[in-house]
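What follows is a short report on a single structure.
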Amino acid sequence: MEQTEMELAHIATLRSIAPECMVLLKSDGSFPLGETGKIALYGSGARKTIKGGTGSGDVNVRHYVTVEEGLENAGFTVTTKAWLDAYEDIYNAAHARFAAQMKETIAKEGFSALLKAMGAIMPEPDYALPLNGEGDTAIYVLSRISGEGTDREVRPGDFLLTQTEIRDILQLQRQYKKFLLVLNVGGVVDLTPIAAHVENILLLSQTGMTIGDSFADVLLGKTYPSGKLASTWASWADYCHIGDFAEQDDTHYREGIYVGYRYFDTVGKAPLFPFGYGLGHSTFSWVAESVQIEGSEVRVTAKVKNIGNRSGKEVMQLYVSIPDGKLDQAYQILAAFAKTEELAPGGEVSVLLTFDMRSLASFDEESTNSILEAGDYILRLGNSSRSTEPVAIVHTDKTHLVQRLSNSGGKCGFEDWKPQHSMKALTDHVPVLHLNTVVEIVPKPIPEDPEAQMLVKALTSEELAYLCVGGFRDEGSQSVIGNAGMKVAGAAGETTSMFLDKGIPALVMADGPAGLRISLEYGVDENGVYCLDAGSMESMLELLPDGMVSVLREKFGNRQERNGTVHYQICSAIPIGTALAQSWNTGLCEACGDLVGREMERYGVHIWLAPAMNIHRSPLCGRNFEYYSEDPLISGKMAAAVTRGVQKHPGCAVSLKHFACNNQETNRFRSNSLVSQRALRDIYLKGFEIAIHESDPATVMSSYNLLNGEHTSQRSDLLETILRQEWGFQGIVMSDWVTGGFSSTKHKYPMACASGSIKAGNDIMMPGTAQDHQDLMNALSDHNVHYPITRDHLERCAVRLLRLAADLHTTL
Ligand code: BGC
């Protein structure tokens, strides 16, 4: 099929923006190269480049450009074809062994095998191949993949480097005149053994379908990397190990608010590469031109100058050290950031960094209010968290009430860790501004919707129960994760089509966040739409026992048995969430949202199951690549920008996910995150709150996990009190996929259920099963069940669903 105009336009956009998501970690000035020539190319990601992670976050594309291909497209001669061929053979043999082992282990485990296979990662093999490629310049592309269902492990070939990688990288650094280590990874790899020895390191990240071409552009200096880390890179030993991680049943977030750089900066540990850090091909100077406060709004103007000899962009970052008072505080937190336009050598520009002092408020568990305590707030300006200068103090004499909140989210049963002493003393002389009054935040009540209320009254309770469950077909389970849609091939699910004659449309939902995940090709025959293959899930099927594969093939569609007309849905893979965040450019994120919105309109998808915005609590979370950052401000701002980009398209909406504290994949349906209310509010909910206030997303997806002993979809204090009453969210909450249904004697906690979720204000169970519907009907009639419900509960959810359906449909 010919490339369409939209496809070509999207490829061009992605090629040009990807470099903004790449972070130059080390440079001795040997790169960019300036001209093509011979390249000795090595490493796992050279030919098997990874565009994004696995699972529901993977996107089915027609083609993506590998690093090898990108270099050749640009005119380089790759002198290591023999090495790349030999590596491919080694990889394939290792993969065949891995698949055979997986098949054997999971054959014994039934359905849970599917979940295991989804996130199963083969660690990099060890091998010895000669490093004898011709040329002065060598490039080593190190790759790692991870995905849904499994957390990463601190072992060679995953979080750690293998012996082969360490040996080869160090050898190449010595052997070639110019050497560049390229990291084609979605998250952190512990670079301790090599970081000090390698002079040039580029975090290429996983930037979607144009990754190889975009890399070649950077290598040739046609453009430049201008990203900054959105999470701290450190050695495994240095990360915070105060709380636990990836526990089967209960995971204790004992570190409280000290997540990521908040921990490193507070305890004074130097990471390998700090939060906010990134070089460019040029260097910049900056100075605070003015610092003002008006009401509670702080405005800092920074003048930035390119003092190097190549073009580039710089990111100014404003951190604040909040005074310790009744509440302990991290050394500093990010309060605002701004990326410059492109500056030519000698060029300068003023950028404005602005924030409201109220955004620095902390949750006080005693009063259940958010407060700003009295004292000196030190403003620090710089181009990374570890390279700042104090520019002003905002002083306030008294403690201010910012918002009256509630005792919500349950109890974790422990006291959060607190640092021993504070390191915030300031010796520099800087201007002092005064914060006098703070206007208390009072949320607006959510308006009623009489029209939807009337419609709902006319439905029977059974009909309401159908409305609150996704569009399942009674004859079979639609529950294969990420592929339960019927209208749009490969979509993840849809709302019920039962009431089309009553004017209630069905809404189609498809995954993200690294693009729109639907089938690349599909067939249509007299029985409707069917998939031709499992798309990006094909590689997962290789790991499953044969019997299970044939059942799934049936589900995904069967090319041999159906002979309808074949159609195409050409979608783009955009940079993964972490890479988008590394751009520190909200305009870029909005452009990516806009691109996805265009594809949604084109293929008839109403709700994109993205942005994904859980916090990088541990670098081992298998889905971190989908998420933005360890910092809630970055997460919230980026998600808001993506949301604005998508929702500017008529009939298109997003779903912020996974709400909340879904920070590990281990036992993801039943793991209990134990989190203090302070850490919950100030770290884990903050990003969602920002995105909701700044972009009005139409939907939110609750998470699989429990929060302090109750599933998030079953916590009305989370969904009704915090999300709706305190934040004013007016959209719907959907469950994550297939929350109910699988009982297990192996686990401490059950899975969530439809009755518990609907009762708590989780409006719809997705993708929906007959069992969900049955559960609701039982809960209506039998008051002895665990979560009895009334018709009012169903009506409340149904009204919200109808409002959303009307909004998305009337704008089409
Ligand atoms: C994932 C979600 C995804 C959904 C639909 C779930 O397993 O956790 O992120 O949107 O499947 O594919």
Side-chain angles (χ1 to χ4, degrees), residues 52-60 111-112 114-119 146-151 470-472 477-486 488-495 507-519 531 534-537 540 552 555-556 576-577 596 600 605-614 621-628 639 646 653-671 688 697 699-705 711-713 733-742 751-752 762 764-769:
T54 65
S56 64
D58 195 1
V59 175
N60 303 307
F111 180 79
S112 61
L114 178 66
L115 304 176
K116 260 209 176 125
M118 241 177 128
S146 73
E148 197 172 349
T150 309
D151 288 310
F472 67 93
S477 161
Q478 294 303 300
S479 53
V480 175
I481 287 165
N483 199 13
M486 290 166 260
V488 174
E494 57 206 31
T495 61
L507 302 175
V508 176
M509 309 180 184
D511 261 308
L516 186 62
R517 177 184 166 85
I518 50 181
S519 295
C531 297
S536 56
M537 281 197 174
M540 179 191 96
L552 288 169
K555 154 93 197 109
F556 287 127
I576 56 168
V596 171
M600 289 169 74
V605 175
H606 302 97
I607 302 174
W608 188 43
L609 304 175
M613 49 185 310
N614 296 97
C621 173
R623 292 184 85 174
N624 271 358
F625 71 96
E626 293 185 54
Y627 309 146
Y628 296 111
V646 170
V654 302
S655 193
L656 302 186
K657 70 187 187 186
H658 309 89
F659 192 65
C661 296
N662 187 177
N663 304 98
Q664 71 177 46
E665 288 301 289
T666 304
N667 190 20
R668 65 187 183 137
F669 293 111
R670 309 156 200 270
S671 80
F688 287 96
T699 84
V700 164
M701 186 192 292
S702 55
S703 53
Y704 287 133
N705 57 286
H711 280 280
T712 57
S713 63
V733 179
M734 67 177 76
S735 71
D736 198 349
W737 262 231
V738 206
T739 52
F742 312 112
M751 289 174 73
N762 181 103
I764 185 165
M765 303 307 292
M766 289 304 299
T769 59

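Read the numbers this way: they start at 1 and go in the same order the structure lists the ligands and their atoms. Owing to the predicted nature of the structure, the values given are computational and were not obtained by experimental measurement.
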Heavy-atom pairs closer than 4.0 Å: do any link ligand 1 to the side chain of Lys657, the backbone, both, or neither?
side chain
Min side-chain heavy-atom separation Arg623-Arg668 under 4.5 Å:
yes
With heavy-atom distances below 4.0 Å as the criterion, list the atoms of ligand 1 near Arg668.
7 (O), 8 (O)
With the threshold set at under 4.0 angstrom, would you say Arg623 reaches ligand 1 through any of its heavy atoms?
yes
Give the atom numbers and elements of ligand 1 that come within less than 4.0 Å of a heavy atom of Leu609.
10 (O)
Measuring from the heavy atoms of His658, does anything fall under 4.0 Å of ligand 1?
yes
Among the heavy atoms of Met509, does any lie under 4.0 Å from an atom of ligand 1?
no
Side chains of Ser56 and Trp737: closer than 4.5 Å at any heavy-atom pair?
no
Does any N or O in the side chain of Asn663 come within less than 3.5 Å of the main-chain N or O of Asn624, such that one atom is a donor and the other an acceptor?
no
Beyond-backbone contact of Met509 with Thr495, side-chain heavy atoms, under 4.5 angstrom
yes
Return yes if a side-chain donor-acceptor contact under 3.5 Å exists between Ser702 and Thr712, otherwise no.
no
Polar contact flag, side-chain donor to acceptor under 3.5 angstrom, Ser735-Asn762:
no
Can you list the ligand 1 atoms lying under 4.0 Å from a non-hydrogen atom of Met701?
10 (O)
Ligand 1 atoms nearer than 4.0 angstrom to some heavy atom of Asp511 are 3 (C), 4 (C), 5 (C), 10 (O), 12 (O)
